[in-house]
2 protein chains.
Amino acid sequence: MDGNVEDRGGSFTNHRQPTRIQAINREIILDAALEVFAVHGFRGSTVDQIAAKAEMSKPNLLYYFRRKQDIYRAVLEHTLADWLAPLAAIDPKGDPVEELRRYITLKLDMSAKRPAASRLFANEVLAGAPVIGDFLKTRLRELVQEKAGVIRRWVSEGRLAPVDPVHLIFMIWAATQHYADFDVQVRAVLGPQVDRPGFREQTAQAVLSIVLNGIRPRG
Amino acid sequence: MDGNVEDRGGSFTNHRQPTRIQAINREIILDAALEVFAVHGFRGSTVDQIAAKAEMSKPNLLYYFRRKQDIYRAVLEHTLADWLAPLAAIDPKGDPVEELRRYITLKLDMSAKRPAASRLFANEVLAGAPVIGDFLKTRLRELVQEKAGVIRRWVSEGRLAPVDPVHLIFMIWAATQHYADFDVQVRAVLGPQVDRPGFREQTAQAVLSIVLNGIRPRG
DNA sequence: CTCTGATTTGACCAAATAGTCAAGAATTCG
DNA sequence: CGAATTCTTGACTATTTGGTCAAATCAGAG
């Protein structure tokens, strides 16, 4: 009994058409829960924190999601698709460098626009992925293998330098999510320039330059 | 009152020479606490978990560290120096590519040998760096600026391709720590090959190849 | 408007958790 | 050895936390 989240159990098994109020309030709760879980993880977050952030009494919140687990699962599901979309969008028929440039740019945009989503996953994975573990081993794995195949083909056609495709994907994830997950560290090192308008473009430029060209001086 | 850890307070303000038993038990506690905090973060970890992992009664553990905060701070301090050492070791007089190759290799070794340390920091930073925030804004920042200066000089001498040095450092952190922090995800995607003897070398090869040469096919 | 079901919440409970304390056990040192 | 000190722990307390419940309020269909 680890206090973990591994057991199953859906929220609102009642599958009737949600009322207007239900739709609104579930959305409010999911937004609030995302912010809280993203900072403290499942174990470190409390229902009271979420209720406070949602400006709702705790029993009212638990009227919509019976258990803390149910909120957590719902937030994760609610976010997974968006998180995966950019990778799924890599087009085997496109230009390799352009496709990867677009992928990196999309991931950096996500990190900037939805940092809490990235941090939520970071916390979940750090905790051992008790909830999304199955997802990682099935759907994510399949998607990565598929796209790795695409990249491998590009390499064999000489359209990319020889590179391990899965490690390349990991590296892009790491580099892009870093700016969301470690935002506090980035700010500590770089200071307020992080909020200047051009910062995102500068970051994209730097990441793209390294991934595409490397740092070894060219002939 | 956020339940956070921001307030000050040392452990064992008693600064006498530690006894043999003290030295042993503090070490046992710090090892156990590292494992626990690395998975669940400060808020999500309990003193009982740490005591159980240390095979020690809770009051006995609290005899060595009066408060949960004190354990947490001690573990962080205990780990910070090691975490920083590889960056500090970058030698301005060395060969740029060799120095960065060594840095990346050292960081990957740390991720493989001490993954819990990396995860501890990841959790701390995700939670907003309540404890090491000051450290990040002072010592880490200074060190990064110093090494960024070194890299900038290398670039201006044409010994590295033009690259933003701070983003390069971030990218190396991200790519290397990814293998510790997201180990579960890496395993989900790659399967048991992660435990095969050559995996570390293969990873190092892939990361180095991308960072040094990029993925754009060379002329 | 009126009735019904949906929504909201104050009061509450049981379990988990951080931390205390006094007394007993072990260790150290003269 | 024997006294002083350090170490260990069972039993305990106060607080936090996840979750329940019955009663009150509200929204919407007819």
Side-chain angles (χ1 to χ4, degrees), chain A residues 1-7 9-29 32-33 36-37 39-75 130, chain B residues 1-7 9-29 32-33 36-37 39-75 130:
Chain A
M1 230 56 55
D2 201 9
N4 263 343
V5 132
E6 311 205 10
D7 30 316
S11 69
F12 246 70
T13 23
N14 164 8
H15 273 219
R16 272 175 272 176
Q17 184 76 344
T19 69
R20 190 180 52 91
I21 295 176
Q22 272 171 36
I24 292 171
N25 279 348
R26 287 201 223 172
E27 201 61 40
I28 290 173
I29 292 168
V36 174
F37 286 133
V39 174
H40 291 119
F42 177 77
R43 295 263 329 241
S45 302
T46 71
V47 177
D48 293 272
Q49 284 178 302
I50 300 170
K53 185 146 288 192
E55 296 177 279
M56 197 176 285
S57 70
K58 181 168 65 165
N60 197 19
L61 185 149
L62 289 168
Y63 169 73
Y64 292 100
F65 297 90
R66 297 171 65 106
R67 299 181 302 168
K68 186 182 165 187
Q69 290 189 16
D70 298 337
I71 315 174
Y72 186 64
R73 286 173 181 283
V75 176
Chain B
M1 232 53 55
D2 200 10
N4 263 342
V5 130
E6 312 204 10
D7 29 317
S11 69
F12 247 68
T13 24
N14 165 8
H15 274 220
R16 272 175 271 177
Q17 183 77 346
T19 69
R20 188 180 53 91
I21 293 176
Q22 271 171 38
I24 291 170
N25 279 348
R26 287 202 223 172
E27 200 62 38
I28 289 172
I29 292 167
V36 174
F37 285 133
V39 174
H40 291 119
F42 177 77
R43 296 261 330 242
S45 303
T46 72
V47 178
D48 292 272
Q49 284 178 302
I50 300 169
K53 185 145 286 189
E55 296 177 276
M56 197 176 283
S57 71
K58 182 166 64 165
N60 197 18
L61 185 149
L62 289 168
Y63 170 73
Y64 291 100
F65 296 90
R66 297 171 63 109
R67 298 182 302 168
K68 186 181 162 185
Q69 290 189 17
D70 298 338
I71 315 174
Y72 186 64
R73 286 172 181 284
V75 176

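Every chain is numbered from 1, with letters handed out A, B, ... down the list of sequences.
Residues Tyr72(A) and Phe42(A) share a closest heavy-atom pair of CG-CD1, 3.5 Å. Among all heavy-atom pairs drawn from Ile50(B) and Ile29(B), the shortest one is CG2-O, 4.3 Å.
A distance of 8.5 Å separates CZ of Arg66(A) from CG of Asp70(A), quoted to the nearest 0.5 Å. In this structure, Asn25(B) CG and Arg20(B) CZ are separated by 9.5 Å, a value rounded to the nearest 0.5 Å. Once rounded to the nearest 0.5 Å, the distance linking CD1 of Ile24(B) with OH of Tyr64(B) reads 9.0 Å. The NZ atom of Lys53(A) lies 14.0 Å from the CD1 atom of Ile28(A); values are rounded to the nearest 0.5 Å. Atom-to-atom distance recorded for Phe65(B):CZ and Ile71(B):CD1 is 7.0 Å, nearest 0.5 angstrom.
The phosphate of dT6(D) (OP1 or OP2) has no side-chain N or O of Tyr64(B) nearer than 4.0 angstrom. For the OP1/OP2 pair of dT8(D) and a distance below 4.0 Å, the side-chain nitrogens and oxygens of Asn25(B) include at least one atom meeting the criterion. Taking 4.0 angstrom as the limit, Asn60(B) places a side-chain polar atom (N or O) nearer than this to OP1 or OP2 of dT9(D). The phosphate of dC7(D) has OP1 or OP2 within less than 4.0 Å of a side-chain N or O from Gln22(B). Taking side-chain N and O atoms only, Tyr63(B) has no distance below 4.0 Å to OP1 or OP2 of dT8(D). The side chain of Ser57(A) places no N or O atom within less than 4.0 Å of a non-bridging phosphate oxygen (OP1 or OP2) of dG10(C).
Put simply, CE on Met56(B) is 10 Å from C1' on dT8(D), counting in whole angstrom units.
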Might you list the N or O atoms of the protein lying below 3.5 Å from N or O atoms in nucleotides 16-20 of chain C, with each pair's distance?
unit_1  : atom_1 : unit_2   : atom_2 : d
dA18(C) : OP1    : Ser45(B) : O      : 3.4
dA18(C) : OP1    : Lys68(B) : NZ     : 3.2
dA18(C) : OP2    : Val47(B) : N      : 2.8
dA18(C) : N7     : Lys58(B) : NZ     : 2.9
dG19(C) : OP2    : Lys68(B) : N      : 2.8

Between the protein and nucleotides 24-30 of chain D, which nitrogen or oxygen pairs come in under 3.5 angstrom?
unit_1  : atom_1 : unit_2   : atom_2 : d
dG28(D) : OP1    : Arg20(A) : NE     : 3.3
dG28(D) : OP1    : Arg20(A) : NH2    : 2.9

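Proximity of Thr46(B) to His40(B): side-chain heavy atoms (C-beta onward) are nowhere separated by under 4.5 Å.
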